[in-house]
Amino acid sequence: MGVHEKYSLMNVIERELTILLVENSADDASQIIKFLKEEIIKPIIHHAKTFDQARESLTRGFHYDVILLDVSLQDNTAGKQVSDLGQLANDIPVIVLCSGSDKEFTAKTLSPGISDCLRKSDLNGSYLTKSIAYNLEKKSIAHKLRDSEERYQSLFSFSPIPMWVFDVDTLKFLNVNEAAIRNYGYSREEFLNMTIKDIRPEEDIEMVESIVKANKKSGIFSWGEYRHIKKTGELIYVDIKSNLIEFEGNRARLVLSLDITDRVRYMQAIEEQNERLYEIAWSQSHVVRAPLARMMGLLNMLSLKKTGKKEPKEILELVMSSARELDDIVRDIVRKSEVIKNYKE
């Protein structure tokens with residue numbers, strides 16, 4: 001017996017256990033109660049002589065850690081009674097006690113309603129104590145698993161971030177949370193009749209299929225930025241993080257989808273602004289210098305009175321033309337600067 005089994009057995013021996021014993025034989029009941037008091041330090045034993053008495057105890061809300069049930073196979077209704085008792089017991093372990101000749105038949109016919117089946121002749125070998133320990137431990141593990149699943153479901157359902165689960169083979173949505181329904185505009189029923197391709201732009205579908213296929217082979221966790229489409233047709237940008245899980249027997253991925261549309265559009269606007277700043281800088285360093293250089297050359301000709309064949313009036317007209325060109329360039333620079341200023345405001 002391993003360390004974990006020993007610990008479970010000691011818990012049973014030392015803790016206060018409330019036990020419902022269903023036994024119609026006074027002698028057998030006396031022996032079982034004596035055995036329990038010898039094996040377990042603090043047993044609280046309720047003795048019911050009939051199925052009806054046991055049923056009444058359970059319906060009245062008594063809490064039991066375990067039910068020990070004697071089955072008389074001479075009663076043709078035993079199977080039905082055990083089944084009914086099992087439903088009332090809910091998740092309380094039900095251990096059937098039978099005679100040696102009845103054990104195989106009992107185990108086969110009553111297995112859906114019982115946790116274990118023991119011969120009464122085996123009680124002196126501590127088999128009953130071990131069975132109680134095993135079934136209580138199994139119940140504890142089941143409760144922890146159920147609690148874990150409920151916590152997962154709560155985190156999934158009430159997360160403010162859109163989340164879903166999809167089948168990695170069919171790409172069908174298997175589950176979606178409320179945030180995904182609100183953000184994408186599809187109802188739960190619509191989502192569950194769609195695949196992840198239905199929320200992607202047509203030109204991105206081949207890439208999506210390729211990524212899912214690669215992730216099936218290469219990694220549990222994946223992330224990246226992608227484009228999605230809402231039910232309204234609006235294109236959004238999302239930061240996707242996903243993990244490989246098993247969901248209801250399917251190989252699946254749990255996905256978190258964070259809408260980063262505002263951030264992406266802001267970055268796009270910054271890039272456009274930088275492009276305008278570059279155009280302004282280029283204009284200042286190149287375009288402005290051309291008419292300015294012509295004006296300086298023409299004015300220099302007038303000051304030195306080296307006009308050649310050109311009349312001073314003609315030179316002044318050329319200066320004026322260059323000045324107008326320079327003015328147009330400056331106006332264009334001011335216009336582009338105003339666009340950047342308005343964006344910042």
Side-chain angles (χ1 to χ4, degrees), residues 86-88 90-91 112 139 141-272 343:
Q87 291 180 3
L88 287 173
N90 197 6
D91 63 349
K139 174 184 173 181
I141 293 170
H143 281 182
K144 290 176 182 177
L145 180 60
R146 185 165 63 244
D147 290 344
S148 176
E149 290 173 347
E150 288 174 354
R151 285 195 296 271
Y152 153 75
Q153 190 61 42
S154 295
L155 288 171
F156 179 84
S157 299
F158 300 114
S159 170
I161 300 174
M163 299 171 65
W164 57 77
V165 179
F166 74 91
D167 188 302
V168 297
D169 295 316
T170 65
L171 306 187
K172 288 192 65 173
F173 286 101
L174 300 176
N175 198 6
V176 292
N177 71 351
E178 290 298 325
I181 292 169
R182 288 195 304 271
N183 195 58
Y184 285 80
Y186 295 100
S187 68
R188 185 180 305 279
E189 291 71 23
E190 287 174 322
F191 262 120
L192 297 182
N193 284 294
M194 295 163 53
T195 73
I196 61 171
K197 295 188 291 184
D198 293 321
I199 61 170
R200 306 295 184 120
E202 184 69 30
E203 58 272 24
D204 292 356
I205 290 178
E206 185 176 347
M207 174 195 67
V208 171
E209 292 175 330
S210 175
I211 291 173
V212 172
K213 184 177 180 180
N215 286 339
K216 285 171 63 176
K217 298 179 179 179
S218 63
I220 294 176
F221 182 76
S222 69
W223 67 94
E225 294 183 3
Y226 304 97
R227 301 189 303 168
H228 284 180
I229 299 177
K230 294 185 177 183
K231 186 176 181 179
T232 59
E234 178 189 355
L235 181 70
I236 61 173
Y237 295 86
V238 291
D239 180 26
I240 292 293
K241 291 179 174 61
S242 72
N243 210 16
L244 192 64
I245 65 170
E246 182 173 328
F247 183 81
E248 296 179 351
N250 299 293
R251 292 186 67 216
R253 276 196 172 272
L254 173 64
V255 178
L256 283 77
S257 172
L258 183 63
D259 191 333
I260 57 170
T261 305
D262 290 342
R263 187 180 80 188
V264 170
R265 288 176 179 166
Y266 176 78
M267 293 303 298
Q268 290 174 342
I270 292 294
E271 291 175 0
E272 292 174 3
Y343 174 78

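Any value given below was found using the heavy atoms of this structure, including those in side chains, with hydrogens, waters and symmetry copies removed. Everything numeric in this text was worked out from a predicted model, so none of it was measured.
Put simply, CG on D167 and CG on N175 are 13.0 Å apart, with the number rounded to the nearest 0.5 Å. Between atom CG of residue L174 and atom CH2 of residue W164 there is a gap of 13.0 Å, rounded to the nearest 0.5 Å. The distance from the CD1 atom of I196 to the NE2 atom of H228 is 7.5 Å, given to the nearest 0.5 Å. Atom CG of D204 sits about 13.0 Å away from atom NZ of K197, to the nearest 0.5 Å. To the nearest 0.5 Å, the span separating CD1 on I161 from CG on L256 amounts to 5.5 Å. The CD1 atom of I229 sits 9.0 Å away from the CD1 atom of I199 when rounded to the nearest 0.5 Å.
Scanning all heavy atoms of the two residues, the minimum distance from S257 to V238 falls at OG-CG1, 3.5 Å. Smallest separation of non-hydrogen atoms from L171 and V168: CD2-O, 3.9 Å. Of all the heavy atoms in I260 and E225, the pair that sits closest is CD1-CD, 3.6 Å. Minimum heavy-atom separation, S159 to A179: O-CB, 3.4 Å.
Within 6.0 Å of atom CD in E202, 12 or fewer heavy atoms from other residues, nucleotides or ligands are found, so the atom counts as exposed in its surroundings. Around CG of D262, the count of heavy atoms belonging to other residues, nucleotides or ligands within 6.0 Å does not exceed 12.
Looking at Y226 and I211, their side chains come closer than 4.5 Å, going by heavy atoms from C-beta outward. Residues N183 and K230 have side chains in contact (heavy-atom distance under 4.5 Å, counting atoms from C-beta outward). When side chains are defined from C-beta on, V255 counts as touching I240, because their heavy atoms get closer than 4.5 Å. By the 4.5 Å heavy-atom criterion applied to side chains, M207 and R227 are not counted as neighbours. Put simply, the side chain of V165 reaches to within 4.5 Å of the side chain of F156, judged on heavy atoms.
A distance-only check finds no donor-acceptor pair linking the side chain of N215 to the backbone of V212 [under 3.5 Å]. Counting only distance, with no hydrogens or angles, the side chain of D259 and the backbone of T261 share a donor-acceptor pair below 3.5 Å. Under a 3.5 Å cut-off, the side chain of S242 and the backbone N or O of L254 do not form any donor-acceptor pair. Of the possible donor and acceptor atoms, one in the side chain of R188 sits under 3.5 Å from a partner among the backbone N and O of V176.
In this structure, R200 does not pair ionically with E209, as no charged nitrogen and carboxylate oxygen lie closer than 4.0 Å.
Taking the six-membered ring where the residue is Trp, F173 and F191 present perpendicular rings, their angle passing 60° and hence far from 30°.
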